[in-house]
Every structure is written in C-alpha cells, then in structure tokens.
Q: 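Let me give you the structure first, and then I'll get to my questions.
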Amino acid sequence: MSLISVGIERKGLLPDANSPRYFGPEGDNIQETLISDEPLEISGEDYQELSSIARRVSEFIELNPISLDQACKIGADSSYMKDCLLIDSYGGSRMMYGGLDVYKDPTQGFRILEVNPRAQAMGLQDFRQEELGLTNQPSLLGHMLEWLNGSDYNKVLLLGSRKNPFWRGYERVRAMIERTGKEAYFLDLATFLDNYHNSGYVPDVILRFCSNEQFVRSGFSRDLEFVIRRHKIPIVNSLTSSFYGYRGWLLLVSRELPDLFPNQYWFDGNVDKETVSFFPWIKLEAGGFEYVVNYNRLRTWAKEALVCLINRDFGGFENLLDGKNGGDANNLRRVREVLEDVPDNEVFWLGQEDLEPLRTKIRIGGNEEEVRILHRVYWWNDNEEIKVSVEGFGCLESQFGSSKGKINAGTGFSVPMKIVS
C-alpha cells in the first residue's frame, strides 16, 4: 500500500496548495500530511489521565518559572535567555500552551517522552479533526479562540512567515480570529515594521509563530523590542517558553514528577556502551541544536562513534568514520561540528529508556493496518483553567523501522482522536 494515495490525490483532484493538509515554504515543493481514514477512539478514562498529566506539567511550569541561573543547568545560552526574559517582562508574557509527546507503554502506562513548547497544532489539529467529521472534540485552536474572545484584545498580530512550512495553518488561525470580529494580520517581521507599524498600527497582542531569533537576534530585533516595550505588548507563546523544551529541563522536571516520565540519565562524559544501551534514546541539546537517535538501532560503528562524541573523543570518532558515508555518518559529522562550536556548558546529553508505543489497528488508505501510536497532548493555560486536547501520530511497522523508532507526521501520518465515554 502506498500512503501517498491517502487524501485529495486519490480523488483525482489537484492539491490545494493553500490547504493546511499540505506543508512546505511558499513557492517550494509541497508535501501532504497524511491523515488516517478514521479517528482512533480513546476512552474517557484515558483522556482524563492524559489531561491530568498535562495539567501537572503546566502547573509545575507556573510554580517553577525558568530563571537565568538555570541556563547552565539545562544547556542554554545565558545571554540569549536573559534577552528573552527581558522582552517577556515588558508585556507580562508567559507560557500559555504546550504539547507533550506521550507513549502508552503496556507495562508502565502513559509516559512523557518530550515537552514541546512550539507545538505546531494551532490551525492544524482542528483541521485534521474536521477532515474526519469530528466537530465536537477539544482542540488547541478552539481553546485559544475561547480565551481571545473573552479578552480585551481586538488587534491581533500573528507574527510569522510564509517561509515556515506550517504557514497554511497560521493563515487558518488568522481567518478563524477574523470570524470572531477581531482584527487579525499574519505578517512577517519586516512587513509588520515597515508597512504596518510605521503607518500607526499597534497590535494588542502578538501570537508568536516564529522563532525567538526574530525577537532577539535578527536585523529587526531592536525595532521590535522598542515596540513591545513601549506598548507593553504580551506575546503568546512567551519567548522563555522555548526553554521548557530543552533536554536539560526535561531531566529537571522528570526528577520532580518522576511518575510521569521514563527513566532518564544525564551523560556527563566518560560514559560506557553498557550505560548508553540501557538508556538508548539519546537526545542532544547544544546551543539550540537538537539531535535525537535510538542508540540500539544504529550499526556497530555508529554506536561506537556516538559514544566517542558523548565523551568528546574526537580522534576516536574520526577513526571510526573514516570512509563511512550515508545518513548516519553525515548526521554524526554534523553533531561533531556543532560540539566544536558550542561551549561545553551549553551541551547536554540526555539518555532515556526505551518504551513501547501503543499498538492498534486503524484504517489507512482503505486498508486496516496495524500501527504504532504516539499520543500528542496539548494544554492551554489561561490562568483561569487548564484545557487539554489530544491527537495522535501513527507509523506502520515498516515506517517505524526506517525512522529508527521515531513517530511523527513526517515519518508516518496524523491520527485524529475521538474521546468516547
């Protein structure tokens, strides 16, 4: 079965290049987000448990906000973090939403693999639900719109770019906001400053659909900071929310909420192969650069090379990669380049035990297939209530193997979830 048959193409129609079904920068080749033929039903009990997990993480963040003295503990650039904290302070910006990647292990139950503060669900999750006729399920966009409707914010700036692969979803967000009677624009930073703000436009709130670098390290950062400081504009999501996705913070929160996470280990140099094989999901954070791989799914030479990188044995690494080519070799060489450029105190290696994702059967492209499921859990925290929504991503066994155990929309397909009592 070819999964590319799923969706509009199988109906013999040309794709709508502006539909959130497709992703890719404007003007570039588009790719389809494949969506299952039917939703995956989850019980009310499972939804309540996932909601409890998300609320506990959100509440922990509220009670333990990121501080500058944590930068070196989580592998962050302290100067960069300082700038983000400062800009957030002007408008009282805070982390209002986030996502969790969760496996339902048959032995341990639900466990968090990742905290994702830059969840791409806004304008996409609800679209995928509606594709399957699910109109009464909670969604991140729906929760955001409820908050916005009850606020005094009437002029909304969605700051992003059509160079972002998910810009179609952001245009959907803009259109949904406009339907509520609010004024909304989706603009890149240069257009906002040159064409809108210079003509007198001042937003009440900024929805951030771009990287922190646009605010603190771009050629327009100083002008943007002036506007935010002068008008005390809140940013959703806050700049500092990005640090809650760092692997160093993942280790920190897992120590405080150990029942929500798999066993984890901080590789602080001088690690041996046995320890790495026991915590095979290797997750590197280095000055904002990320690398994730399952050690046990690598070939022997790649395993040994990865251990050399963790131990900063670059000479041994070069000997092992001599004459080696291909995806794993190129990825490892890229990691080596980053490690040489990033200060040691911004390098954080996290090991995570292997868990088994939920296995179930679902209809894909007209056929019932056995798939592995990643639960994606989103929360919205408006200081009055924490609201939770869920969706899934699935992989066929062949996809799961070729992606070395990673499950997301890029390695498989989207699986909307239907909560049943």
Q: Tell me if a side-chain donor or acceptor on Arg299 pairs with a main-chain N or O of Trp301 at a distance below 3.5 Å.
A: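 No, because the side chain of Arg299 does not come within donor-acceptor range (under 3.5 Å) of the backbone of Trp301.
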Q: If you look at every heavy atom in Val388 and Tyr47, which pair is closest and at what distance?
A: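 Result for this residue pair: O-OH, 2.6 Å.
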Q: For the ring pair Trp266 and Trp349, is the centre-to-centre distance below 6.0 Å?
A: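 No; Trp349 has its ring centre 6.0 Å or more from that of Trp266.
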Q: For Asp37 and Gly366, indicate whether the former's side chain and the latter's backbone hold a donor-acceptor pair under 3.5 Å.
A: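 Yes, the answer is positive, given that a donor and an acceptor are paired below the 3.5 Å cut-off.
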Q: How about Tyr80 and Phe243: are their ring centres within less than 6.0 Å of each other?
A: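 Ring centres of Phe243 and Tyr80 closer than 6.0 Å.
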Q: Distance-only, no hydrogens or angles: does the Gln399 side chain make a donor-acceptor pair with backbone N or O of Leu396 under 3.5 Å?
A: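 Looks like yes, one N/O pair under 3.5 Å.
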Q: Is there a donor-acceptor contact under 3.5 Å from the side chain of Asp46 to the main chain of Ile42?
A: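 Such a contact is absent between Asp46 side chain and Ile42 backbone.
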Q: Does NZ in Lys324 sit with more than 12 non-hydrogen atoms of other residues, nucleotides or ligands closer than 6.0 Å?
A: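 Correct, the count exceeds 12.
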Q: Tell me, with the steps shown, if Glu318 and Arg336 meet salt bridge (Lys or Arg N to Asp or Glu O under 4.0 Å).
A: CA-CA 10 Å; Glu318 291 297 337; Arg336 188 255 165 87; 2.4 Å; yes
Q: Salt bridge check, Glu337 against Arg333: does any charged N sit closer than 4.0 Å to a carboxylate O?
A: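 Salt bridge between Arg333 and Glu337, a charged N being under 4.0 Å from a carboxylate O: no.
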Q: Provide the closest heavy-atom pair for Pro280 versus Asn296 in the form atom of the first, atom of the second, distance.
A: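 Taking Pro280 first and Asn296 second, the nearest heavy atoms are CB-ND2, 3.3 Å.
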Q: In terms of heavy-atom contacts, does CG of Asn270 have more than 12 from other residues, nucleotides or ligands at under 6.0 Å?
A: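 No.
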Q: Assess, by modelled atom type and distance only, whether the side chains of Asn164 and Ser161 contain a donor and an acceptor separated by less than 3.5 Å.
A: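 Checked: Asn164/Ser161 side chains show no N/O donor-acceptor pair below 3.5 Å.
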Q: Show your reasoning for whether side chain to side chain contact (heavy atoms under 4.5 Å, CB included) applies to Arg376 and Val390.
A: CA-CA 6 Å; Arg376 180 69 61 77; Val390 294; over 6 Å; no
Q: May I ask you to decide if Lys273's main-chain N or O and Ser277's side chain share a donor-acceptor pair within less than 3.5 Å?
A: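 Here the side-chain-to-backbone pair exists.
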Q: Can you tell me how far CG of Leu40 sits from CD1 of Ile419, rounded to the nearest 0.5 angstrom?
A: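 Output value for this atom pair is 11.5 Å.
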Q: Answer yes if the side chains of Asp77 and Ser79 hold a donor-acceptor pair under 3.5 Å, and no otherwise.
A: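 No, Ser79 and Asp77 have no side-chain donor paired with an acceptor closer than 3.5 Å.
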Q: Going by an N to O cut-off under 4.0 Å, is there a salt bridge joining Arg217 and Asp83?
A: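 Not counted as a salt bridge, because no side-chain N and carboxylate O are separated by less than 4.0 Å.
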Q: Salt-bridge test for Arg172 and Glu130: reply yes if a basic N is under 4.0 Å from a carboxylate O, no otherwise.
A: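 Glu130 and Arg172: salt-bridged.
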Q: Keeping Asp88 on the side-chain end and Leu239 on the backbone end, is there a donor-acceptor pair under 3.5 Å?
A: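 Indeed, once roles are kept as given, a pair shorter than 3.5 Å links the two residues.
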Q: Would Tyr291 and Phe289 count as a ring-ring contact (aromatic ring centres under 6.0 Å, His included) here? Give the steps.
A: CA-CA 7 Å; Tyr291 171 72; Phe289 173 84; 7.2 Å; no
Q: May I ask you to say whether Glu62 pairs ionically with Arg94, meaning some side-chain N is under 4.0 Å from a carboxylate O?
A: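 Counted as a salt bridge, because a side-chain N and a carboxylate O are separated by less than 4.0 Å.
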Q: Please determine if Asp188 and Arg162 form a salt bridge, counting it only when a charged side-chain N lies under 4.0 Å from a carboxylate O.
A: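 Salt bridge between Asp188 and Arg162, a charged N being under 4.0 Å from a carboxylate O: no.
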Q: Can you tell whether the side chains of Glu26 and Lys163 come within less than 4.0 Å, N to carboxylate O?
A: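 Between Lys163 and Glu26 there is no salt bridge, as every charged N stays at least 4.0 Å from the carboxylate O atoms.
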Q: Looking at Ser389 and Leu140, what are the two nearest heavy atoms and their distance?
A: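 So the two residues come closest at OG-N, 3.4 Å.
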Q: Hey, could you give me the CZ/OG distance between Phe127 and Ser414, rounded to the nearest 0.5 Å?
A: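 Here the interatomic distance stands at 10.0 Å.
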Q: At what distance, to the nearest 0.5 angstrom, does CZ of Phe110 lie from CG of Leu358?
A: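 That separation rounds to 8.0 Å.
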Q: Can we say Asp259 and Arg111 salt-bridge, meaning some charged N sits less than 4.0 Å from an Asp/Glu carboxylate O?
A: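 The answer is no: the pair does not qualify as a salt bridge.
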Q: Between Asp126 and Ala121, what is the shortest heavy-atom contact and its length?
A: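 Residues Asp126 and Ala121, closest heavy atoms: OD1-O, 4.5 Å.
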Q: Are Tyr244 and Tyr246, when compared by the centres of their aromatic rings, separated by less than 6.0 Å?
A: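 Ring centroids of Tyr244 and Tyr246 are no less than 6.0 Å from each other.
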Q: Looking at every heavy atom in both Leu132 and Pro416, which two are closest together, and how far apart are they?
A: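 Closest approach of Leu132 to Pro416: CD1-CG, 3.6 Å.
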Q: Check for me whether the distance between the ring centres of Tyr103 and His375 falls short of 6.0 Å.
A: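 Centroid separation for Tyr103 and His375: 6.0 Å or greater.
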Q: Applying side chain to side chain contact (heavy atoms under 4.5 Å, CB included) to Ile386 and Trp380, what does each step give before you reach the verdict?
A: CA-CA 5 Å; Ile386 301 174; Trp380 176 268; over 6 Å; no
Q: Can you see whether Glu225 engages Tyr90 through a side-chain donor-acceptor pair at a distance of less than 3.5 angstrom?
A: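 Checked: Glu225/Tyr90 side chains pair up, N/O donor to acceptor below 3.5 Å.
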Q: Between the main-chain N or O of Leu148 and the side-chain N or O of Ser151, is there a donor-acceptor pair closer than 3.5 Å?
A: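 The answer is yes, because a donor-acceptor pair under 3.5 Å joins these two groups.
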Q: Does Gly142 offer a backbone N or O that forms a donor-acceptor pair with the side chain of Ser139 under 3.5 Å?
A: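 The answer is yes, because a donor-acceptor pair under 3.5 Å joins these two groups.
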Q: Just wondering, do Ile282 and Leu306 contact through their side chains at under 4.5 Å, heavy atoms?
A: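 A side-chain contact exists here, since the closest heavy-atom pair is under 4.5 Å.
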Q: Using 0.5 Å steps for rounding, measure from the CD1 atom of Ile235 to the CE atom of Met96.
A: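 The CE atom of Met96 is 13.0 Å from CD1 of Ile235, to the nearest 0.5 Å.
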Q: Decide yes or no on side chain to side chain contact (heavy atoms under 4.5 Å, CB included) for Ile61 and Trp249, but give the supporting numbers first.
A: CA-CA 11 Å; Ile61 289 171; Trp249 190 85; 3.7 Å; yes
Q: Does Thr411 use its side chain to pair, donor to acceptor, with the backbone of Asn408 at less than 3.5 Å?
A: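 A pair under 3.5 Å: yes.
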Q: Verify whether one side chain among Glu213 and Ser211 offers a donor that lies under 3.5 Å from an acceptor in the other.
A: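 The answer is yes; a qualifying pair exists.
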Q: Is Glu384 atom CD crowded by more than 12 heavy atoms from other residues, nucleotides or ligands, each under 6.0 Å away?
A: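 Incorrect, the count does not exceed 12.
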Q: Just to verify, which of Ile310, Val307, Asp354 counts as forming a side-chain contact (heavy atoms from CB on, under 4.5 Å) with Tyr295?
A: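 When Ile310, Val307, Asp354 are each tested with Tyr295, the side-chain contact (heavy atoms from CB on, under 4.5 Å) holds only for Val307.
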Q: Any salt bridge linking Asp328 with Lys303? Criterion: basic side-chain nitrogen under 4.0 Å from a carboxylate oxygen.
A: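 Salt bridge absent between Asp328 and Lys303.
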Q: Side chain to side chain contact (heavy atoms under 4.5 Å, CB included), that's the test. Do Asp101 and Phe393 meet it? Break it down for me.
A: CA-CA 10 Å; Asp101 288 350; Phe393 294 101; over 6 Å; no
Q: Has Arg208 got a side-chain atom pairing as donor or acceptor with Val236's backbone, closer than 3.5 angstrom?
A: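 Pair absent, no side-chain N/O of Arg208 close to backbone of Val236.
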Q: State whether Arg174 and Glu178 are salt-bridged, where the test is any N-O pair (Lys NZ or Arg NE/NH1/NH2 against Asp/Glu carboxylate O) under 4.0 Å.
A: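 Yes.
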Q: Tell me whether Phe400 at atom CZ has more than 12 heavy atoms from other residues, nucleotides or ligands lying less than 6.0 Å away.
A: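 Buried by this count: over 12 neighbours within 6.0 Å.
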Q: Gln264 and side-chain hydrogen bond (donor to acceptor under 3.5 Å, both in side chains): which single residue from Gln352, Arg247, Lys283, Glu353 fits?
A: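 Of the listed residues Gln352, Arg247, Lys283, Glu353, the side-chain hydrogen bond (donor to acceptor under 3.5 Å, both in side chains) partner of Gln264 is Gln352.
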Q: Please state whether the rings of Tyr170 and Phe209 are parallel, tilted or perpendicular, taking 30° and 60° as the class boundaries.
A: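 Parallel, since the angle between the ring planes stays under 30°.
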Q: If I take atom CD1 from residue Ile53 and atom CZ from residue Phe261, how far apart are they, to the nearest 0.5 angstrom?
A: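 It comes to 9.5 Å.
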Q: Under 6.0 Å between ring centres: does that hold for Tyr97 and Trp147?
A: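 Distance test on ring centres: not under 6.0 Å, no.
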Q: Taking all atoms of both residues into account, what is the closest heavy-atom pair of Ile373 and Pro357, and its distance?
A: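 Answer, listing the atom of Ile373 first, then Pro357: O-CB, 3.5 Å.
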Q: Let me confirm one number: the CG-CG distance from Asn237 to Asn381, rounded to the nearest 0.5 Å.
A: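 Result: 10.0 Å between the selected atoms.
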Q: So that I can tick it off, tell me whether Glu369 and Arg363 are bridged by a salt bridge, with the cut-off set at under 4.0 angstrom between side-chain N and carboxylate O.
A: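 Result for this pair is no, no salt bridge flagged.
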Q: Looking at Phe314, I'd like to know if its CZ atom is crowded, meaning that more than 12 non-hydrogen atoms belonging to other residues, nucleotides or ligands lie closer than 6.0 Å.
A: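 Counting neighbours around CZ of Phe314, more than 12 heavy atoms of other residues, nucleotides or ligands fall under 6.0 Å, so yes.
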